[in-house]
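This report concerns only the one structure given below.
All values reported here derive from a predicted model rather than from experimental measurement.
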There are 2 protein chains.
Amino acid sequence: MASVGDLFQALADHTRRRILDELTERDGQTLFEICGRLATKHQIASSRQAISQHLDVLEAAGLIVTRRQGRYKFHHIDVRPLRSIAERWLRPEPRQETT
Amino acid sequence: MASVGDLFQALADHTRRRILDELTERDGQTLFEICGRLATKHQIASSRQAISQHLDVLEAAGLIVTRRQGRYKFHHIDVRPLRSIAERWLRPEPRQETT
DNA sequence: TTGATAGGCAAGTCGTCACTTGCCTATAGT
DNA sequence: ACTATAGGCAAGTGACGACTTGCCTATCAA
């Protein structure tokens, strides 16, 4: 369900890359934590809903996984989809994309 | 000028990834060659102008370089921007993006 | 139970993107 | 010179993406 297109499209947005930066530096943050840190450290003043939608896109792309605990929802980065992202063109190998 | 955003945004399109596939398999093709091969081998029946605009985007992202010779314009893939594309999140290092 | 906190849902706006359409320039062959 | 080939420029269209707005649900503390 998470295709190569979903992956690149998720990475195509500046705010979403910043979210991954933030989770790389401190994994397992909640939505409000991410909002605060994006605002103070990266001058990204998007609304909570905007960030929430970005997190949905990242999760659909398989780049983050979520864990619910009470009224909190923690977001964890998953770098596995990123490992072989560019090898498709970096070595002369057959490629298989169904999208 | 070619920012990280340009790079990911260029890769976010399916047809542009196919163009890179095609140039990986056979480098230095002209616009018409790429059009023909995309149509026959990848079932992509976009117009010549559409493909031309895709090539512009790829060139702006630094993923292809062009070489003019008479009335022909040859397109060559440049994989250098792809080499360190995901390392930003694959290892806990400081990241520097100005976009 | 009441209020505050953390998050979700859905419609709507606005800009960007992929693509088309129509016409124009330049090189090469005859 | 004339024609075909390779490519370019620019305006227009339709759809998608990022973001907002308004309201709703759920959990926890007092």
Side-chain angles (χ1 to χ4, degrees), chain A residues 2-23 26 28-39 42-61 63-76 99, chain B residues 2-23 26 28-39 42-61 63-76 99:
Chain A
S3 68
V4 186
D6 295 333
L7 184 58
F8 280 112
Q9 206 132 21
L11 293 171
D13 185 86
H14 168 249
T15 301
R16 285 195 287 268
R17 291 193 301 276
R18 283 302 187 199
I19 291 175
L20 292 182
D21 290 341
E22 192 48 54
L23 289 178
R26 188 170 190 272
Q29 297 187 57
T30 67
L31 171 59
F32 275 76
E33 284 178 303
I34 295 171
C35 285
R37 286 178 159 245
L38 285 179
H42 301 286
Q43 288 81 36
I44 294 175
S46 300
S47 69
R48 176 183 61 86
Q49 288 84 347
I51 305 296
S52 176
Q53 288 169 5
H54 282 308
L55 290 172
D56 290 342
V57 174
L58 288 170
E59 187 170 17
L63 286 168
I64 64 174
V65 291
T66 57
R67 168 175 57 92
R68 272 230 145 206
Q69 187 172 344
R71 61 175 162 177
Y72 298 103
K73 185 178 182 182
F74 299 102
H75 301 80
H76 298 266
T99 312
Chain B
S3 68
V4 187
D6 295 333
L7 183 59
F8 279 112
Q9 206 133 19
L11 293 171
D13 185 87
H14 169 249
T15 301
R16 284 194 289 267
R17 290 195 299 275
R18 284 302 186 200
I19 292 175
L20 292 183
D21 289 342
E22 192 49 52
L23 290 178
R26 188 167 190 272
Q29 296 188 55
T30 68
L31 171 59
F32 275 77
E33 285 178 300
I34 295 171
C35 285
R37 287 178 159 244
L38 285 179
H42 301 287
Q43 288 81 39
I44 295 175
S46 299
S47 70
R48 175 184 60 87
Q49 289 84 348
I51 305 295
S52 177
Q53 288 170 6
H54 281 307
L55 290 171
D56 290 342
V57 174
L58 287 169
E59 188 171 18
L63 286 168
I64 65 174
V65 291
T66 58
R67 169 174 57 93
R68 273 231 146 208
Q69 188 171 344
R71 60 175 164 176
Y72 298 103
K73 185 179 182 182
F74 299 101
H75 301 79
H76 298 266
T99 313

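Going from atom CD of Glu33(B) over to atom C1' of dG7(D) covers 14 Å, rounded to whole Å. In this entry the distance linking CG of Asp13(B) with C1' of dA15(D) reads 14 Å, nearest Å. Separating the CG atom of Leu31(B) from the P atom of dC9(D) is a distance of 12 Å, rounded to the nearest angstrom. Atom CD in Gln69(A) sits roughly 15 Å away from atom C1' in dA26(D) (whole-Å rounding). The CZ-P distance, from Arg68(B) to dT25(C), rounds to 15 Å in whole Å. Taking atom CD of residue Gln9(B) and atom P of nucleotide dG15(C), one finds them 17 Å apart after rounding to whole Å. As rounded to whole Å, 13 Å separates atom P of dC23(D) from atom CD of Gln49(A). Put simply, CD1 on Ile51(B) is 16 Å from C1' on dG8(D), counting in whole angstrom units.
Put simply, the side chain of Gln53(B) and the base of dT20(C) share a donor and an acceptor less than 3.5 Å apart. Side-chain to base pairing of Arg48(A) with dG8(C): one donor and one acceptor N or O lie within less than 3.5 Å of each other.
Residue Lys73(A) places none of its side-chain N or O atoms closer than 4.0 Å to OP1 or OP2 of dA26(D). Within the structure, a side-chain polar atom (N or O) of Ser52(B) is placed less than 4.0 Å from OP1 or OP2 of dG8(D). An OP1 or OP2 oxygen of dT20(C) is reached within less than 4.0 angstrom by a side-chain nitrogen or oxygen of Ser47(B). Checking the phosphate oxygens (OP1, OP2) of dC19(C), a side-chain nitrogen or oxygen of His54(B) falls inside 4.0 Å.
Side-chain atoms of Arg37(B) never come within 3.5 Å of backbone atoms of Leu23(B) as a donor-acceptor pair (strictly under, hydrogens ignored). A distance-only check finds a donor-acceptor pair linking the side chain of Arg17(A) to the backbone of Leu11(A) [under 3.5 Å]. Side-chain atoms of Arg68(B) do not come within 3.5 Å of backbone N or O of Lys73(B) as any donor-acceptor pair.
For Arg71(B), taking side-chain heavy atoms from C-beta onward, the closest of the listed nucleotides dG7(C), dA6(D), dA18(D) is dA6(D).
Where Thr15(A) and His75(B) meet DNA chain D, the nucleotide closest to each residue was compared, and His75(B) sits on the side nearer the 5' end.
The line from CZ of Arg18(A) to OG of Ser46(A) is 13.0 Å long, rounded to the nearest 0.5 Å. Note that CZ of Phe74(B) and CD1 of Ile34(B) are 11.0 Å apart. Values are rounded to the nearest 0.5 Å.
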